[in-house]
Amino acid sequence: GSEMCIRDRSLVLDPTFQSHFDFRTTLGPRVGDIYENPPDGRIYVSGNFSFHNGQTPYIGSLCFYRNGNLYTPFSSTSGSNSIGPMFRLNDSIIYFHDVLRDTLGNDFNNNRWKLNRIKTVRCGWGNLPFFFKDGSALIANGKDNWGVPCNIINPPDTFPGRIIIKLTPTGLWDSTFTHDASGSPRRFTRYDSNRILISGYTRNFTHYDSVDVDGLCRIYLDGTLDTTFNSPIADIPSSGAFLPILIEDNGKILLVGRFLLKGRTHTYETLVRLNPDGSLDPTFMNFGGPRDTNNLYGSVGPVCKTPDGGYLVGGYFDVCQNHWAKGIVKLDSNGAIEPQYFTRSGPDSSQSRGNGYPSINVIRASKFGGYYVGGDFLKWDGQPSDPIVRLTGLITGVPKHNKTLNLKAEVSIYPNPSNSLVNVISSQPILQIQIFDVRGKLVKTIETPSSQIDISELKGGLYILSIHFKNGSLNHQKLLKE
């Protein structure tokens, strides 16, 4: 017999997770990042909050067991309630925004790394560094009030400032790294075992080693520029903000934010997929991504890969491809929305922005099942909620021995290209066909379609057919209208 896999499309709150603290008692509560400890499922949480458990402070960071109970051996000692990204360096050290800590929250090596880093990188500003396997790191420096990179103070000498600085494992300057940039990048992102992506604002990060990079480039571990990659970002100061958020196994890159692309400076995009060379992936719905109807563009933040090849996408938006999608949405592997997910009201209400203006800052898949979601919201599905929840219901595995679920293999459309009639042949009954243009705009809906559809009234160009089956499945096909 074949293994059947039932897909619950609602992605509902997991009631077995209840956070220990009521975040809503904190002024402007926000969750910025969530990191799961692999061995036991404990989660580290960072953000804007301040609690005390007796005499123990939890300021900007805390640790929960998987059920939400407080992991009391951990305590926050930073004194900062705006801690950002976290990631694990090794079995005993976790990076918390700008400090290194052990798994109990104590500053690593009596805070020696941070003290050295402050001297070495005096004008650093909340960027995310890149750590090598030996504990050394690349980090961005800034400029002083006169536009000059801040000096490196590395006793007993003072050295001229640099924008990109390599630190030794103890946080001191490694002068063997001689590559530099025109302005501070925002983030260093691991691309593969040999290369690093560097990203920043185009108004600042214009050049790397005197080569024009338009805010985004890829380098080798020794700092040499990878000339096989070219930025797709428009070379203008107002090009916006963007981050490479997810690197696929095939080397493709998910780029998110709110940004302008070369040749498309009239429209801000929020989510695109790049080929390994930096060009747009034409198989992905790059245009018409999540947007906010109040300011016409919105922004995308976290992207989490799902086992079916698709994505969970969060940010500050309320519409995606002409579908209501407040703050979080499910996309398939080609970037097309799957509207059967998040059909309820979902996240809502920012303490600072009011009702109807939530934002999602982090989405993390748990190795033990479900997805942690954190951000700036006070309700979920209409009920009061802390700004951290765990969702359950999305398919968590690929069924075996059941080829009928491979919908793409069962659908064929021809002729393609076509200028009038198109045959849509499928082994499963079709409920509805929606036709989207390349910007994600719905241009035609065909209810209870026959095996032949008429596209003669459409303008010439590329379209996406979103095919809804009666069994609840969804398939997407590209169609070229001549």
Side-chain angles (χ1 to χ4, degrees), residues 11 23-24 26-34 45-49 82-85 126 128 186-187 199 201 233 238-246 254-261 267-273 285-304 311-331 335 337 339 341-364 371-382 385-389 391 439-440:
L11 271 170
F23 284 71
R24 290 163 296 174
T26 293
L27 182 63
R30 296 188 305 276
V31 168
D33 202 4
I34 302 167
V45 181
S46 70
N48 184 73
F49 51 77
S82 59
I83 292 177
L128 193 64
R186 299 179 64 204
R187 178 169 295 197
S199 54
Y201 295 108
I233 304 299
S238 60
S239 61
F242 54 90
L243 289 173
I245 198 71
L246 179 67
L254 270 292
L255 200 66
V256 304
R258 184 184 66 84
F259 48 88
L260 296 173
L261 297 170
T267 303
Y268 281 96
E269 307 301 340
T270 59
L271 172 65
V272 299
R273 189 165 68 191
M285 293 190 69
N286 294 304
F287 310 125
R291 298 177 186 277
D292 174 51
T293 53
N294 292 307
N295 58 21
L296 303 182
Y297 45 80
S299 63
V300 168
V303 176
C304 183
Y311 311 91
L312 288 178
V313 177
Y316 180 62
F317 52 81
D318 60 11
V319 66
C320 178
Q321 299 167 21
N322 284 348
H323 289 273
W324 178 87
K326 187 180 289 185
I328 188 167
V329 67
K330 171 71 169 65
L331 304 181
I337 189 173
Y341 293 98
F342 301 110
T343 58
R344 306 181 184 184
S345 56
D348 199 355
S349 302
S350 160
Q351 191 175 84
S352 59
R353 294 190 294 263
N355 293 339
Y357 297 95
S359 61
I360 300 300
N361 300 330
V362 54
I363 305 173
R364 300 280 187 227
Y371 294 83
Y372 290 104
V373 177
D376 181 6
F377 54 88
L378 301 174
K379 296 179 183 177
W380 196 284
D381 288 343
S385 172
D386 280 326
I388 175 173
V389 298
L391 303 181
R439 299 186 62 184

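Quick caveat: nothing in here was measured; it's all calculated off a predicted structure. What's counted below: heavy atoms across the whole structure, side chains too, no hydrogens, waters or symmetry copies.
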Could you tell me whether the side chain of [X] and the main chain of [Y] form a donor-acceptor pair under 3.5 Å?
X    : Y    : value
N48  : L27  : yes
S345 : G382 : yes
T270 : P290 : yes
D292 : Y316 : no

- Under 6.0 Å from the CZ atom of F23, do we count more than 12 heavy atoms belonging to anything else shown?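 Above 12, so yes.
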Enter the distance from [X]:[atom1] to [Y]:[atom2] here, rounded to the nearest 0.5 Å.
X    : Y    : atom1 : atom2 : answer
S239 : Y268 : OG    : OH    : 7.5 Å
N286 : E269 : CG    : CD    : 8.0 Å
F259 : L243 : CZ    : CG    : 10.0 Å

- Message: For a quick test of reading the model, state the closest non-hydrogen atom pair linking R24 to P29 and the distance between them.
- Response: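 Smallest interatomic distance, heavy atoms only, reads CA-CG, 4.2 Å.
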- Message: For V362 versus D33, what's the shortest heavy-atom pair and its separation?
- Response: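 Taking V362 first and D33 second, the nearest heavy atoms are CG2-OD1, 3.5 Å.
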- Message: Between V45 and Y372, is there a side-chain heavy-atom distance shorter than 4.5 Å?
- Response: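 Of all side-chain heavy-atom pairs linking V45 with Y372, none is under 4.5 Å.
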- Message: Could you walk me through whether V31 and N361 satisfy the side chain to side chain contact (heavy atoms under 4.5 Å, CB included) test, starting with their C-alpha distance in whole Å, then the side-chain angles of each, then the deciding distance to 0.1 Å, before giving a yes or no?
- Response: CA-CA 7 Å; V31 168; N361 300 330; 5.8 Å; no
- Message: For P358, give me all partners under side chain to side chain contact (heavy atoms under 4.5 Å, CB included), at least two apart in sequence or on another chain.
- Response: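 Side chain to side chain contact (heavy atoms under 4.5 Å, CB included) list for P358, sorted by chain: K326, P347, D348, F377.
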- Message: Please determine whether side chain to side chain contact (heavy atoms under 4.5 Å, CB included) holds for the pair L261 and F287, giving the CA-CA distance in whole Å, both sets of side-chain angles, and the decisive distance to 0.1 Å.
- Response: CA-CA 10 Å; L261 297 170; F287 310 125; 4.1 Å; yes
- Task: Identify the residue among V329, I363, V303 that makes a side-chain contact (heavy atoms from CB on, under 4.5 Å) with L312.
- Result: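 Of the listed options, the one satisfying the test is I363.
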- Judged by modelled atom types alone, do S359 and R353 share a side-chain donor-acceptor pair under 3.5 Å?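 Short answer, yes.
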- Taking only residues two or more places apart in sequence or in another chain, which ones pass salt bridge (charged side-chain N to carboxylate O under 4.0 Å, His left out) with R187?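 Salt bridge (charged side-chain N to carboxylate O under 4.0 Å, His left out) list for R187, sorted by chain: empty.
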- Item | Residues R291, Q321; criterion side chain to side chain contact (heavy atoms under 4.5 Å, CB included); working and verdict | CA-CA 9 Å; R291 298 177 186 277; Q321 299 167 21; over 6 Å; no
- Stacked cation flag R273 on Y311, 6.0 angstrom / 45 deg: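 Checked: cation-pi criterion not met.
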